[in-house]
Structure formats: structure tokens, C-alpha cells
Amino acid sequence: GENVEQHPSTLSVQEGDSAVIKCTYSDSASNYFPWYKQELGKRPQLIIDIRSNVGEKKDQRIAVTLNKTAKHFSLHITETQPEDSAVYFCAASKGNQGGKLIFGQGTELSVKP
Amino acid sequence: EAQVTQNPRYLITVTGKKLTVTCSQNMNHEYMSWYRQDPGLGLRQIYYSMNVEVTDKGDVPEGYKVSRKEKRNFPLILESPSPNQTSLYFCASSLGRGMGVEQYFGPGTRLTVT
């Protein structure tokens, strides 16, 4: 079955710097790659997603890139702010399975003022 | 307000005492799922349901049961809880059709089994 590896497990940056989180997946049939943000004590919430027919997607300060050949995708956060501090999860899915997601292990991002 | 609700939010119980965690969504979603979250392991799927009366095992189903008698409800049942089931549990729902659909998570249930 699908396996998703996420790195790093923790990441500390200074406010204003960029942060990059990387994920690799094993199943070449996966075609949907969402990223979820989980603030302390809260539920995970979708922040951005990308489908396999697109190589890059951007939404203000966050962007996701996908390399289907290498089977990896990355989350990029620019101009980080303290409120970006959270745990970020990548996930992969085959869309025809109606939303079954396999999650990575999570990255705890800390943005220091 | 569109939402996924879970009850209880916190539960401390003893080994072997059957318990049920309820999950309900008001968005008419077809797909519902249960995850457990443990440090360093991310979110692992326990069971999922594609529609009423259709359920299937996720990645870590041992020790859990589910049922989907109504579209809006998807309870998680621990027949004989053990300490290794101490975890944070999330229910989630999504439309379930097409390629790539957002999953909406409930607030979580923190379970401690002593």
C-alpha cells in the first residue's frame, strides 16, 4: 500500500525566513496531495492541495510543488510569521478511493520572533 | 454551521470497559473516517466508510469496530480497550466523490486507558 515519508520532523526558523517541508510517496497511482496544518490543541485543517496534473500551486505565502517522476512534493512557506507555528502534515491519495488519505508523520514548525 | 462533532472530547477509562466515541456530520458527506494521532506517527486511519452500510479497514483497525447505519453518524467502538489504545482520535468526513476532496476533521477525542 501507499507510504508517505515526511521530513524534517521538526523545523525552527526565524520570523521572515522561508520554510520547506518535503514528502515522498510510494504509490505512483496517487494523484492528490493535500497539506494540513494543525495548531496546538486544534484539529487539522486543509491549507493547500495539489493534483497530479499540476506541477506547482501557490496561495499567498504558501506554495506546493510536485515532482511525479521522483514521487515527491514539498510545502514552501515564505515570509514566515509566528502564527505559522504548528504541525504540518502532508498526505497522498488516489482520488477514486473517495478521499482515503495516507498521512506523513508530521513536521513541527516553530517560527521564532 | 457545517461541522463534524465528536463526543466525548476527553475520556479516561480502564482496561476492558467497552466504550463508544460518537461522530456526527451535518454536511451530507458520503465519506467518513476515523484516525488516531500519536507522537511521531502522524495520523493513521483506523476505519473508513464510503457510504451507509459500507465500511472498510484502514491501516490500524485491530481492537476497533465501526458502524454506519445513518449517513450522518459514524461511531467508533472499542469493545475491550487496552492501554495501547491511549491516543488522540479524530473523525473526519468528505464529499467522497471525484479526485481529491477536502476532509473536515472533528475536534478530537483524547482517550486514556489505564
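A, B, ... follow the sequence lines: proteins, then strands. Residue 1 opens every chain.
Linking Ile, Leu, Val, Met, Phe, Trp and Tyr residues whenever their side-chain heavy atoms come within less than 4.5 Å places B:Y89 and B:F74 in a single cluster. The hydrophobic cluster containing B:I46 also contains B:V21, counting ILVMFWY residues as joined when their side-chain heavy atoms lie under 4.5 angstrom apart, directly or transitively.
Neither the backbone nor the side chain of A:P34 comes within less than 4.5 Å of any heavy atom of chain B. Using a 4.5 Å cut-off between heavy atoms, B:L41 touches chain A through its backbone atoms (N, CA, C, O) alone. Using a 4.5 Å cut-off between heavy atoms, A:Q6 does not touch chain B at all. Interface remark: B:F90 contributes side-chain atoms only to the contact with chain A (heavy atom separation under 4.5 Å).
Note that the CD1 atom of A:I102 and the CD atom of B:Q45 stand 6.5 Å from one another [nearest 0.5 Å].
Side-chain contact between B:L43 and A:L101: absent, with no pair of heavy atoms (C-beta onward) separated by less than 4.5 Å. Two residues are said to be in side-chain contact when any heavy atoms from C-beta on lie closer than 4.5 Å; A:L46 and B:Y104 fail this criterion. The closest side-chain heavy-atom distance from B:E102 to A:Y36 is below 4.5 Å. By the 4.5 Å heavy-atom criterion applied to side chains, B:F105 and A:K42 are not counted as neighbours.
More than 12 heavy-atom neighbours from other residues, nucleotides or ligands sit within 6.0 angstrom of CD on A:E2. Within 6.0 Å of CZ in B:R110 there are 12 or fewer heavy atoms belonging to other residues, nucleotides or ligands. Heavy atoms from other residues, nucleotides or ligands lying under 6.0 Å from CD of A:E79 number 12 at most. The 12-atom threshold is not exceeded at CD of A:Q60, counting heavy atoms of other residues, nucleotides or ligands nearer than 6.0 Å.
The two residues A:R43 and B:G106 have their closest heavy-atom pair at CB-O, 3.2 Å.
Screening residues 35-78 of chain A for disulfide (SG to SG under 2.5 Å) gives no qualifying pairs among residues at least two apart or on separate chains. Sequence neighbours left out, the pairs with a member in residues 74-85 of chain B that pass side chain to side chain donor-acceptor pair (under 3.5 Å) are B:K65-B:E79, B:S82-B:N84.
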Practice task
Given side-chain contact (heavy atoms from CB on, under 4.5 Å), test A:F89 with B:Q37 step by step and report yes or no.
Solution key: CA-CA 11 Å; A:F89 292 99; B:Q37 183 176 12; 3.3 Å; yes

